[in-house]
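Inspection log for the structure reproduced underneath, given as structure tokens.
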2 protein chains.
Amino acid sequence: MITQTQDILFKTLADPTRRALFERLCRDGELTVGALTADAGVSQPAVSKHLGILKQAGLVRDHHQGRQTHYRAQPDALEPLLDWTTQMAGFWHRRFNELEDLLKRMDQ
Amino acid sequence: MITQTQDILFKTLADPTRRALFERLCRDGELTVGALTADAGVSQPAVSKHLGILKQAGLVRDHHQGRQTHYRAQPDALEPLLDWTTQMAGFWHRRFNELEDLLKRMDQ
DNA sequence: CCAATTCATAACTATTGGGTTATAAATAAA
DNA sequence: TTTATTTATAACCCAATAGTTATGAATTGG
């Protein structure tokens, strides 16, 4: 079910602090938990939990180096979101064109 | 704050039944509350509440006709979502190119 | 070895939010 | 006018979740 993937993505990105973490990783590249926590506005455990959820959604990847964990964004995971959005817009435009055609036929 | 708009959109579309209502309106065009309720899988008050939230987010518009309320999708409201997604992908690609350039310079 | 640092997990709390039933308000029909 | 239909709102309940503090596990440095 593809709608499952969309659901996970929307739910994951619905939280502002979580979305802010992902945005920072997109902008600044790879960062440690400590660096992310410094500007997150919430505690370190909260940041770790959010990163775990982002990881489960496939939006970030991590690798360990000594006692630090580095996280980086995985923006490919945004593709289903892009697909859904364009599809919704597409449905609407198709309907719009159908209506346009109908009006044209009625005009004849 | 544009991030406010994004927050509202993500939060609004994070709920599956609410997103399903929006999808149906995109596919099928204008529908009444009754028609939407028939296939929603939840009660009519639940549907009304969801439609109210979608309306506040600007994702749907309504108009009254007799005792029925007709709802239709307003897919233009998805634009900030599209902007955010492409922007995140853009940030990442820019960083990717920077890295690529760095590697090229190191290669010389 | 011992202390300090970095991150993840556990346990708990409070709030949010989506669902329900009951009911009100408005319109249509009999 | 009375009854039936359609939608919105109110009041309430339960589950999910984002936050906290406390602590454990792993690694580094003295």
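Letters A, B, ... mirror the listed sequences (proteins, then strands); counts begin at 1.
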Q: Name all pairs fulfilling the ring pair (Phe, Tyr, Trp, His ring centres under 6.0 Å) condition that reach into residues 31-64 of chain A, sequence neighbours left out, sorted by first residue then second.
A: A/His63-A/His70
Q | Members besides A/Leu82 in its Ile/Leu/Val/Met/Phe/Trp/Tyr cluster (side-chain heavy atoms under 4.5 Å) | A | B/Leu82
Q. Atom CG of A/Asp62 to atom P of C/dT9: distance rounded to whole Å?
A. 10 Å
Q: Measure the distance from CD on A/Gln68 to P on C/dC7 and round it to the nearest whole Å.
A: 5 Å
Q) With respect to the phosphate group of D/dT6, does any side-chain polar atom (N or O) of B/Thr32 fall under 4.0 Å of OP1 or OP2? A) no
Q) How is A/Thr37 classified with respect to the nucleic acid when contacts are heavy atoms under 4.0 Å: base, sugar-phosphate, or nothing? A) nothing
Q) Between D/dT7 atom P and B/His70 atom NE2, what is the distance in whole Å? A) 8 Å
Q) Just how far, in rounded Å, is C1' of D/dT7 from NE2 of B/His63? A) 14 Å
Q) Are side-chain heavy atoms of A/Thr37 and A/Thr32 found at a separation under 4.5 Å? A) no
Q: Mark up nucleotides 15-29 of chain C, 5' to 3', with B wherever a protein heavy atom is under 4.0 angstrom from a base atom, S wherever such an atom reaches only the sugar-phosphate, and - elsewhere.
A: ---SBBBB----BS-
Q. Does anything in residues 47-57 of chain A pair up under salt bridge (Lys or Arg N to Asp or Glu O under 4.0 Å), and if so which pairs, sequence neighbours excluded?
A. A/Lys55-A/Asp62
Q. Whole-Å distance between D/dA8 P and B/Gln56 CD?
A. 14 Å
Distance-only donor-acceptor pairs under 3.5 Å for side chains of residues 5-16 of chain A, two or more places apart:
| residue | atom | partner | partner atom | Å |
| --- | --- | --- | --- | --- |
| A/Asp7 | OD1 | B/Arg19 | NH2 | 3.3 |
| A/Lys11 | NZ | B/Ala14 | O | 3.3 |
| A/Thr12 | OG1 | A/Ile8 | O | 2.6 |
| A/Asp15 | OD2 | A/Thr17 | N | 3.3 |
| A/Asp15 | OD2 | A/Thr17 | OG1 | 2.7 |
| A/Asp15 | OD2 | A/Arg18 | N | 3.0 |

Q | Phosphate-side-chain proximity, B/Tyr71 and D/dA8, N/O vs OP1/OP2 below 4.0 Å | A | yes
Q.
Please enumerate all residues that pass side chain to side chain donor-acceptor pair (under 3.5 Å) together with B/Gln44, with sequence neighbours excluded.
A. B/Ser48
